[in-house]
Asker: 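After the structure tokens below, expect a handful of questions from me.
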Amino acid sequence: MNTQTNTEVQRYLDRMRAALSDLPAVEVGEIMDDAGSHVVEVAEELGDEFSAEALAARLGSPEAYARELRAAAGYPPAAAPASTGGGGAALARFCFYALVAGVAAAFAFAASGGEHEQVTFLVAVCGLIAVALLFGRAGLVREVGNLPEASFARDAIAQAERSEAARVLAYLRTLQPGWWLLRALVILAAGFLLGISEFLVLALPLTALALLSGPRAKRDRRWLWISLPIGAFALGLFLTLFDAVFTHTYYRASVPQATYSATPDYPDNIYVFDKNGKALTDVYLYDEDGQPLESPWYGCASGVPRADNQYPKPQVERDGHGCREVDGVPFAVVIPTPTTSAPPTTTGPVPPSSPLPPSSESAPPATTGSVTTTG
Amino acid sequence: MDTSQLLKGVLDLAVLAVLRKEDGYGYDVLRRLRQGGLDGVGDASVYGTLRRLYNAGLLTSYVVPSEEGPHRKYYSLNEPGRARLIESGNTWKSFARTLDDLLGEVA
């Protein structure tokens with residue numbers, strides 16, 4: 001092929017690429033690989049008879065070629081470049097940065113387990129506006145593609161395609177359908193596992209979008225504004241889930257040490273008697289380090305337990321009439337005369353208290369019928 | 001009747017069929033279709049169809065470097081592609097039989 005032919009073929013290919021420029025960069029690259037070499041081959045076949053006109057007569061104009069290819073490949077038809085009207089560049093820029101911020105915020109929000117709510121909300125609103133703009137204004141996505149920022153990103157991808165990493169990229173691309181499925185599953189699983197009811201409502205549509213948007217974004221770049229943030233969100237969720245599972249397993253593996261050294265089992269309630277067998281109330285217990293020996297106590301008021309070191313805690317009675325908190329000691333003890341250092345023994349029931357055996361292990365004798373007679 | 005209109009609906013099937021025995025790059029596929037008698041098939045339509053079938057996961061592709069000229073992307077039928085070929089082939093055959101029966105009286 002001589003230089004003249006080369007230039008003409010290159011011109012043809014450039015116009016073809018321009019007519020496809022609103023498609024995803026990867027697709028354009030693949031098409032140009034395929035159809036580009038086809039054009040070169042046709043030009044070679046023409047040999048001496050080659051001219052720009054002969055090429056166009058054989059293949060049609062580059063724009064017609066691109067149009068026919070788009071139709072056959074199922075890509076959306078190209079929009080007229082002028083259709084966005086004024087302010088197109090500003091809107092395009094807004095959409096571009098909404099996408100970048102959306103991806104970052106979706107990842108950060110999910111990976112942090114739902115922090116930075118306000119910022120995420122703000123970015124999400126911007127992202128939704130961008131999606132509405134892109135789907136509402138024909139040709140806007142093409143303008144986004146023409147932004148210098150977007151060309152830079154596209155060139156970086158094209159560069160990687162030609163580099164040593166091409167093989168890895170090609171391999172990753174074959175995994176894409178698997179990733180679309182995986183991210184949908186991650187979102188669905190997170191919806192159930194994290195058990196946040198508001199999130200579960202969101203998780204189902206998100207799962208559907210995660211499945212749908214991937215393949216669509218391959219052919220229609222507008223879907224990138226949905227597919228990319230969802231992908232980032234799923235990745236963040238995956239980290240959160242992984243972290244939760246890992247912490248859980250680690251915690252379970254270390255339970256023996258944790259039980260005996262770090263958090264000893266406290267009894268649910270403690271009753272204190274003086275040497276005469278008189279029950280003491282409103283006692284405050286501390287350990288050897290002066291740390292209060294707190295244990296959680298669930299009163300009748302629902303919600304968080306009261307955790308303090310004041311004993312004995314009131315007994316909680318629940319019956320048909322509702323819930324009552326009962327102060328006092330449900331049993332009595334007889335302290336043996338201090339001739340030996342043996343631990344005090346307890347006696348049986350002492351009226352009017354209940355006949356419950358004293359126990360430092362079991363739950364407070366709150367639900368037994370006989371206790372209610374004392375209260 | 002304009003055959004290009006008919007072709008639109010069955011180009012997928014035709015492309016899958018010519019890739020059944022042997023892998024081929026775009027121009028190969030185009031030549032095989034034309035040699036098989038589909039003169040009216042457009043160059044760009046074939047390339048577009050190849051992209052669509054590839055994106056639908058019915059074809060795999062690999063690049064063969066060429067010493068003279070640009071490197072060539074070969075397409076080959078994978079298992080889903082073969083399954084689709086059989087399925088669409090059966091649909092076509094029964095459709096064609098139906099139409100033959102309808103036309104039997106006319107021709």
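Every chain is numbered from 1, with letters handed out A, B, ... down the list of sequences.
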Asker: Which atom pair, heavy atoms only, marks the closest approach of A:Ala72 to B:Ser45?
Answerer: CB-O, 3.3 Å

Asker: Please give me the minimum heavy-atom distance between B:Ala44 and A:Tyr65, naming the atom from each residue.
Answerer: CB-O, 3.2 Å

Asker: Quick check on A:Tyr12: does its OH atom have over 12 non-hydrogen neighbours (other residues, nucleotides or ligands) under 6.0 Å away?
Answerer: yes

Asker: Going through the checks in order, is the salt bridge (charged side-chain N to carboxylate O under 4.0 Å, His left out) test met by A:Glu41 and B:Arg31?
Answerer: CA-CA 12 Å; A:Glu41 234 166 307; B:Arg31 281 199 202 104; 3.8 Å; yes

Asker: Quick one: do the B:Tyr75 and A:Asp34 side chains pair a donor with an acceptor below 3.5 Å?
Answerer: yes

Asker: In terms of ring plane angle, is the pair A:His38 and B:Tyr27 parallel, tilted or perpendicular, where the classes change at 30° and 60°?
Answerer: perpendicular

Asker: So which atom in A:Ala73 and which in B:Arg51 form the shortest heavy-atom distance, rounded to 0.1 Å?
Answerer: CB-CB, 4.2 Å

Asker: Mind checking the CG-CD1 spacing from B:Leu50 to A:Ile31? Nearest 0.5 Å is all I need.
Answerer: 11.5 Å

Asker: Please look at B:Leu11 and chain A and tell me whether the side chain, the backbone, both or neither of the residue comes under 4.5 angstrom of a heavy atom of that chain.
Answerer: neither

Asker: Given heavy-atom pairs under 4.5 angstrom as the criterion, report whether the side chain, backbone, both or neither of B:Asp43 touches chain A.
Answerer: both

Asker: Any side-chain heavy-atom pair from B:Asn55 and A:Glu27 closer than 4.5 angstrom?
Answerer: yes

Asker: Heavy atom to heavy atom, less than 4.5 Å: which residues from residues 82-98 of chain B reach chain A?
Answerer: none

